[in-house]
Amino acid sequence: MTFEVQKVKVYTSDGKEVVKGVSLSLVKPGIYTIMGPNGAGKSSLVNAIMGHQSYRLEGRILLGGEDITKLPTHEKARKGITLATQMPLEIEGVRVAELLSRIIKRFQGVDKTDEALRIARELLSLVGLSDSIMSRYFMVGMSGGERKRLELARVLAQRPRVALLDEPDSGVDVESMPLVAKAIEKLREDGAIVVLITHQPRLFKHLEPDHVYVMYDGRIVAEGGLDLVQLIEDKGYTWIAHRNGER
Amino acid sequence: MSRARLLEDKPLTELSRDDIIEFSRRRKEPEWVLRRRLEAFEYLRSTPPDPKVDPLIEKVTYKVFIESLENPVLPTEEAIKAAERLGVKPEELEVLASGFSIDVDNVVVKAVLKYLEKKGVIFTSMDEAVKRYPVVKEYAFRGLHPQLNRKTAYHVMLWAGGPFIYVPKGVKIPQPLQGVFIIGREGLGQTEHTLIVLEEGAELHWIEGCTTPIALRYAVHLGGLEAFVKNNAKLYVASINNWLGEVHHMPVKRVIVEGDNAYAELTAIAFYSTTSNTAPRIDLRGRKSRGVIQNIALYRDKQRIYSAPLIRYEAPQTSAQILNRTVVRDEAVEEFHGMLYAARGAKGATGFMSCNTLVIGDKAKSITVPAIGTEEKDAELSHEASVGRISYEKLYYLALMGFDEDEATWLIVNGFFEPVINKLPIDVQIEVKKILELALLGH
């Protein structure tokens with residue numbers, strides 16, 4: 001499986017260019033981290049890739065060599081790419097059990113509800129959520145940390161080939177951080193290409209990314225390994241961007 | 001009077017006194033029933049037409065009406081399928097009104113009926129009941145009396161079929177009784193009259209489903225339900241309507257909660273009709289009695305809906321709720337005029353009305369006009385209303401999970417109804433969810 005982002009530019013509905021030509025060629029499973037300050041264009045990039053109506057995207061998105069740029073969001077998801085959103089929404093009146101079992105049936109080819117529910121419970125357990133959450137309405141009244149973990153369980157339920165994770169660690173307390181890391185690790189183990197957006201180096205205490213990109217003002221301005229994360233901590237994004245010729 | 005005279009093709013709004021007398025005689029009804037029909041006739045003659053009612057009834061001719069009563073469609077495979085569209089399994093069917101019934105040779109159903117009979121429960125057709133049971137005369141058309149309004153008057157004048165359910169003192173029926181009413185042909189297909197009497201401490205869940213086996217060119221549903229609930233008795237009624245074709249739905253319903261500490265709940269679940277004009281009413285006459293009217297509906301296409309539930313408090317410490325939870329899509333227009341009214345004597349009455357509407361699309365409309373009135377200073381009545389739309393963000397979020405727009409809408413709508421649906425009997429919950437899925441996803 002390969003995932004390619006070719007010369008992507010993203011514009012907001014009022015015409016502002018927020019991603020100014022990003023290319024990524026990810027050819028094997030792994031965790032590919034995109035780090036960058038607020039406003040760098042990270043969330044805009046992943047949402048535009050998924051086809052959010054607030055963005056206009058130029059360039060091409062290839063999944064396994066197939067051009068999926070213009071497919072509607074649900075079809076992209078069905079092809080195996082999804083996004084864990086930064087702020088998961090409440091789906092009132094729809095229980096966690098119902099939503100996850102529907103997803104599992106579709107994406108994992110499970111026919112029986114009992115089996116789908118068993119898988120759902122396993123996934124919830126993986127992210128440290130108890131069975132009792134199954135009967136609650138999806139995301140309704142949940143804490144920030146619970147939401148993030150449930151969102152990762154949802155993404156896992158889809159068995160994606162490409163998982164775009166938009167700050168899955170924000171709002172997560174210190175104790176839950178290893179669980180978030182475990183879920184991301186599980187995606188990698190399952191053979192997914194994980195694009196992990198974060199600006200919290202603390203996640204890497206529990207998880208080692210395969211590659212790190214730094215995004216700044218709509219562009220990828222640096223890439224490397226964990227040493228790049230250390231550099232970010234020491235010097236900050238602006239310094240890295242300037243060193244590499246941005247601005 | 002000759003049959004030719006009877007079948008003269010004229011609108012139902014132009015029937016003569018003789019036509020009504022002949023109609024009643026053909027049905028071999030007791031005199032008191034005829035008197036009620038004639039009272040309705042006189043009321044109609046002396047009051048001006050109702051623009052929401054008369055033009056619809058006017059389109060049905062006497063001939064068509066009589067023929068649909070005297071030559072009902074047989075219980076065909078289509079009728080069974082129609083019942084299934086209400087989520088009712090064939091083996092669960094017992095009473096089908098509108099002139100015909102499907103008797104299913106089902107051991108369980110027969111055992112239940114035998115059990116009920118032993119307990120003194122009467123569960124039979126109204127056509128039979130008016131002739132056999134004196135208790136019917138005591139109650140029938142007392143709640144839905146001919147002078148209530150024109151719609152009720154038409155119903156009383158033209159009613160035929162429907163069940164009579166009498167539950168004696170202290171008998172609690174453990175599982176819901178269920179009736180399916182089917183409009184099998186064009187015209188005024190349903191004027192069934194359901195009469196329920198619950199004696200002291202009795203309990204009943206009555207589920208009625210109304211549908212059509214095929215898409216009709218034109219039909220009017222003018223069914224009626226009246227119920228009387230005594231001390232400490234509890235009545236739950238769920239009506240599920242799912243029509244095909246041009247069907248104008250205008251039932252009349254009234255529950256009189258006569259007893260102290262008694263409870264009545266009227267739930268309407270409506271999925272399709274061309275127009276709908278409903279005004280279910282509960283009168284709370286027993287001290288500390290309680291009433292709930294709830295409506296769950298999905299309106300679509302060019303439906304025109306007028307809904308005016310009323311709960312009238314007439315006794316101290318009574319309490320009530322009106323809950324209206326609807327989805328309006330396409331070019332449908334919903335008008336809601338719910339009312340809680342505490343009359344003199346309803347000291348300490350409490351009540352709450354909640355109207356929540358989800359509007360899908362730019363052309364759908366919802367107009368909500370909740371009303372509260374009181375003649376007692378210490379009555380505490382309140383209401384809240386909300387009208388919302390399905391946000392793009394929610395559709396996008398569900399699309400990330402692989403749900404297309406129809407599926408996502410179905411999930412959101414289902415979730416919107418859930419808080420009301422999950423309080424219904426489990427059988428009804430399953431049926432309603434099935435119908436919703438059919439209505440929104442077509443499978």
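Neither the backbone nor the side chain of A:P160 comes within less than 4.5 Å of any heavy atom in chain B. Interface remark: B:L398 contributes side-chain atoms only to the contact with chain A (heavy atom separation under 4.5 Å). Heavy atoms of A:Q158 lying under 4.5 Å from chain B belong exclusively to its side chain.
Taking the charged nitrogens against the carboxylate oxygens, B:E208 and B:K253 do have a contact shorter than 4.0 Å, which makes a salt bridge.
For residues 61-85 of chain A, heavy-atom neighbours of chain B at less than 4.5 Å comprise A:T73, A:H74, A:A77, A:R78, A:T82, A:L83, A:T85, sorted by residue number. Of all residues in residues 128-154 of chain A, those placing a non-hydrogen atom less than 4.5 angstrom from a non-hydrogen atom of chain B are A:Y137, A:F138, A:M139, A:E151, A:R154.
With B:D404 contributing its side chain and B:D406 its backbone, the two residues share a donor-acceptor pair below 3.5 Å.
No option in A:V5, A:V46, A:V10, A:T12 other than A:V10 meets the side-chain contact (heavy atoms from CB on, under 4.5 Å) test with A:V19. With B:V237 as the partner, the side-chain contact (heavy atoms from CB on, under 4.5 Å) test is satisfied by one option alone out of B:T267, B:L225, B:I293: B:L225.
Highest contact tally toward chain B, considering only A:M50, A:R106, A:E92, is held by A:R106 [criterion: heavy-atom pairs under 4.5 Å].
Note: B:K394 NZ to B:I412 CD1 = 6.5 Å, rounded to the nearest 0.5 Å.
Between B:S366 and B:E334, the side chains place a donor N or O and an acceptor N or O closer than 3.5 Å (distance only, hydrogens not considered).
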